[in-house]
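In what follows, a single structure is set out as structure tokens and then discussed.
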Amino acid sequence: MRLTRYYMPTLREKPAEAEIFSHQFMLRGGMIRKLASGIYSFLPLGYRVIRKVEGIVREEMNAKGALEVFLPVVQPAELWRETGRWDRFGKELLRFKDRGEREFCLGPTHEEVITDLVRNELRSYRQLPLNLYQIHIKFRDEIRPRFGLMRAREFIMKDAYSFDADEEGLNRSYQDMYDAYSQIFRRCGLRFTAVEAETGAIGGDVSHEFMVWAEAGEDVIVRCPQCGYTANIEKATFRPLLKDDQDQEGPLEKIHTPRMRTVEEVTGFIGVSPSRLVKTLIYQTEVGFVALMIPGDREVNEAKAARLLGVSELRLAAFDDVEEISGAPVGFAGPIGLKGVRLVADRTLEGMKNVVVGANEEDYHYVNANPGRDFSWDMVGDIVKAKPGDLCSLCGVPLEFSRGIEVGHVFKLGTKYSEAMGAFFLDRDGVERPFFMGCYGIGVTRTAAAAIEQHHDERGIIWPISIAPFECYLLPTNWGRSDIKEVAEALYRELLERGVDVLLDDREERAGVKFNDADLIGVPLRVTIGERGIRKGMCELKLRRGKDVREVPIRDAIGEVVSAKEALFKEVEC
RNA sequence: CGGGGCGUGGCGCAGUCUGGUAGCGCACCAGCUUCGGGAGCUGGGAGUCGGCCGUUCGAAUCGGCUCGCCCCGACCA
């Protein structure tokens with residue numbers, strides 16, 4: 001491609017709204033432009049990157065025997081009502097009506113559509129297993145889009161759905177996808193990890209997220225340096241320290257704690273550490289209120305608590321409800337004398353003695369409260385988030401915490417959707433059975449953004465060659481000089497012939513402008529043809545990621561570029 | 001949805017308090033000089049000051065309403 005015939009509006013200044021590197025460099029590099037909040041247009045350069053990511057995804061999916069389909073973005077409400085998700089999905093589901101007042105939504109995911117597609121056609125175990133996938137637009141009406149492509153409302157996703165006859169088959173399909181995903185992200189040049197994850201709105205039992213390590217990531221990853229256990233913070237377990245307080249149980253005492261609502265205020269006033277206070281939080285679920293008791297220095301993990309309780313909805317109760325249940329304003333709830341709600345304790349509370357709890361009375365707390373003697377709980381389990389200092393539940397080593405970007409998510413759905421929507425097949429014995437389904441997503445646009453978060457410097461992007469918009473940037477320093485121009489044209493033609501994705505900067509710009517644009521858009525290889533070398537028959541070859549500039553004879557340039565390209569590909573292909 | 005902020009040429013901003021000629025830098029166009037890390041000079045094109053209603057002789061500026069965007073929080077893959 002010749003730059004004079006290309007459309008690459010680069011910006012010298014940093015756009016005000018860009019907070020993270022990927023957002024900033026994609027805007028500045030003329031790759032994306034915002035149309036509305038969380039909605040972006042892709043310009044030629046940006047779309048080339050997307051196409052390259054898609055190409056890798058496609059190859060690896062096809063290699064596992066998955067078949068590409070193309071499903072509608074607009075989906076009828078009836079389908080979503082069958083699975084109950086029309087009501088449960090929440091406001092992320094953008095709903096609207098057509099002229100006939102029929103209800104529709106923009107697809108945020110496609111389980112319903114795919115299940116509907118196969119339920120009438122896929123009737124025999126002989127046709128299984130089957131894996132269908134597609135790559136196209138999803139729309140989720142995010143409450144707060146941010147960080148450019150990282151959390152957009154409209155985004156490109158690869159989603160795949162597997163259908164198997166039984167659990168064993170599902171396990172195989174799941175492992176296939178897990179392997180394909182590992183291969184895909186490796187080929188995209190990303191450092192990543194797969195972690196155990198929660199299933200959220202999609203549902204199912206087993207799930208892994210593929211996380212790209214990056215400071216800008218919105219997810220927290222917990223990892224054991226010893227055994228390699230890794231999990232999303234939503235899922236991470238840890239080993240509770242066994243407590244067997246040898247202290248004598250002290251006398252229960254109600255003390256005055258005027259206007260002290262927070263853990264810090266109360267424990268500071270009484271003079272104990274926050275871990276000695278038991279927070280009692282009133283939550284609302286679809287089957288009534290519950291009270292969660294956790295140590296004062298920890299946070300509730302709502303996903304874990306919901307799972308333990310077997311509820312699908314769990315949210316903090318409104319202030320009014322808290323007052324009605326505990327008989328005191330928020331901040332003074334406690335287990336002693338609390339009536340009418342189930343009491344659920346975190347397992348780290350077991351064995352603790354002489355703790356501080358709310359007294360269910362404004363401005364009062366109890367000290368020396370003891371489980372068994374002063375109160376009891378209905379249920380105990382793991383309902384808190386792991387925090388730094390906690391130990392691996394497998395090997396007891398302190399866990400490490402870091403940040404990541406979720407670029408892929410695989411789920412074992414089981415029969416949740418097939419049963420809800422009546423998608424059955426006949427097995428070998430002629431018995432009707434629901435499909436065992438899996439679903440597998442990759443955020444294509446997010447993957448491109450994640451690559452930038454991981455591969456950039458202060459000047460711009462440093463694309464892994466496999467997803468770079470171009471492989472080689474041909475930079476004649478002065479287009480006005482005929483000798484430079486002729487060499488550049490010749491190299492350009494030959495590189496094209498040798499299958500190199502080359503961008504020729506034939507603009508009549510100053511060299512500095514060209515160097516800066518080349519660095520900004522992050523093309524991995526750069527060949528400079530300039531006055532310094534041309535008389536000696538030399539040009540320069542440089543890797544975007546390094547500092548070294550290598551002088552090579554112009555007659556060897558093609559071979560050098562091709563082998564440099566191959567070397568870079570070798571790093572990411574396995 | 002709660003809190004905060006911002007809408008002035010393609011981008012980044014000043015001007016708004018204290019009403020009266022709409023300005024700067026970058027980008028864009030033309031010419032000349034320059035030419036290896038975002039050149040200089042000269043000339044030029046481009047703005048319903050987010051929108052509507054109001055106050056006023058007169059509104060980017062004051063008032064009301066409204067739309068959009070950004071940040072923090074709640075929420076979420």
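Lettering follows sequence order; numbering is per chain, from 1.
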Within this structure, what is the CE-to-C1' distance between A:M211 and B:A77, rounded to whole angstrom?
10 Å
Which whole number of Å gives the distance between the P atom of B:G45 and that of B:A39?
25 Å
Look at all strands and tell whether A:F155 reaches a base, only sugar-phosphate, or nothing, counting heavy atoms closer than 4.0 Å.
base
A:R153 atom CZ is separated from B:C70 atom C1', nearest whole Å, by 14 Å
For B:C41, what is the paired nucleotide under Watson-Crick or G-U wobble rules, both distances under 3.5 Å?
B:G31
Check whether A:K304 reaches the backbone of A:V384 with its side chain - one donor and one acceptor, N or O, closer than 3.5 Å.
yes
Please state the C1' separation for the pair B:G9 and B:C26 - nearest whole angstrom.
12 Å
Residue pair A:A448 / A:W463: nearest heavy atoms and the distance that separates them
O-CZ3, 3.8 Å
Please state whether the rings of A:H110 and A:H136 are parallel, tilted or perpendicular, taking 30° and 60° as the class boundaries.
tilted
A:Y178 pairs by ring-ring contact (aromatic ring centres under 6.0 Å, His included) with which of A:F185, A:F210, A:Y440, A:F411?
A:F210
Is there aromatic stacking of A:F411 on B:A77 here, judged by a ring-centre distance under 5.5 Å and a plane angle under 30°?
no
For B:U61, which nucleotide in any strand shown is its Watson-Crick or wobble partner with both distances under 3.5 Å?
none
When the C1' atoms of B:G7 and B:U34 are considered, how many whole Å apart are they?
40 Å
Pair assignment for B:U18, Watson-Crick or G-U wobble, requiring both distances under 3.5 Å:
none
Solution key, residues 282-289 of chain A side-chain donor-acceptor pairs under 3.5 Å, sequence neighbours excluded:
residue : atom : partner : partner atom : Å
A:Y283  : OH   : A:E302  : OE2          : 3.0
A:T285  : OG1  : A:V287  : N            : 3.0
A:T285  : OG1  : A:G288  : N            : 3.3
A:T285  : OG1  : A:G288  : O            : 2.6
A:E286  : OE1  : A:S312  : N            : 3.3
A:E286  : OE1  : A:E313  : N            : 3.0
A:E286  : OE2  : A:S312  : N            : 2.9
A:E286  : OE2  : A:S312  : OG           : 3.3

Passing candidate, ring-ring contact (aromatic ring centres under 6.0 Å, His included) with A:W80, options A:W86, A:F104, A:F89, A:Y417:
A:F89
Distance check, P atoms only: B:G12 and B:C75, in whole angstrom units.
32 Å
Reckon A:A152 touches a base, only the sugar-phosphate, or nothing at all at heavy-atom distances under 4.0 Å?
base
Could you state the atom-to-atom distance from CE of A:M157 to C1' of B:C76 in whole Å?
14 Å
Check residues 188-196 of chain A and write down every donor-acceptor pair under 3.5 Å in which the side-chain atom is one partner and the other belongs to a residue at least two apart or another chain.
none

If we take the C1' atom in both B:C17 and B:U61, what is their distance in whole Å?
9 Å
B:C24: pairing nucleotide in any strand, Watson-Crick or G-U under 3.5 angstrom
B:G12
Gap in Å between the two P atoms, one belonging to B:C67 and one to B:G25, rounded:
37 Å
Rounded to whole angstroms, how far apart are CD on A:E17 and P on B:G12?
7 Å
State the pairing partner of B:A46; accept Watson-Crick or G-U wobble contacts with both distances under 3.5 Å, and report none otherwise.
none
Output yes when a side-chain donor or acceptor of A:H455 lies under 3.5 Å from a complementary backbone atom of A:A451, and no otherwise.
no
If we call it a pair only when both distances are under 3.5 Å in a Watson-Crick or G-U wobble match, what pairs with B:C69?
B:G5
If you look at every strand shown and take non-hydrogen atoms under 4.0 Å, does A:R144 touch a base, only sugar-phosphate, or nothing?
base
Counting primed atoms, P, OP1 and OP2 as sugar-phosphate and everything else as base, the B/S/- map of nucleotides 24-37 of chain B against protein heavy atoms under 4.0 Å is -BSS------BSBB
d(NZ, A:K91; P, B:C1) in whole Å
7 Å
Between B:U66 and B:C24, how far is it from one C1' atom to the other, in whole Å?
31 Å
Do A:R507 and B:G38 share a donor-acceptor pair, side chain to base, under 3.5 Å?
no
Can you measure A:R33 atom CZ to B:C69 atom C1' for me and round it to whole angstrom units?
17 Å
Please evaluate the base of B:A77 for a donor-acceptor partner in the side chain of A:E92 within a cut-off of under 3.5 Å?
no
Starting at CD1 of A:I156 and ending at C1' of B:A77, how long is that distance when rounded to a whole Å?
17 Å
Length of the CG-C1' vector between A:D141 and B:C75, whole Å:
13 Å
Categorize A:R151 for me: base, sugar-phosphate, or nothing, with a 4.0 angstrom heavy-atom threshold over every strand shown.
base
Taking any heavy-atom pair under 4.0 Å as a contact, classify A:K514: base, sugar-phosphate, or nothing.
nothing
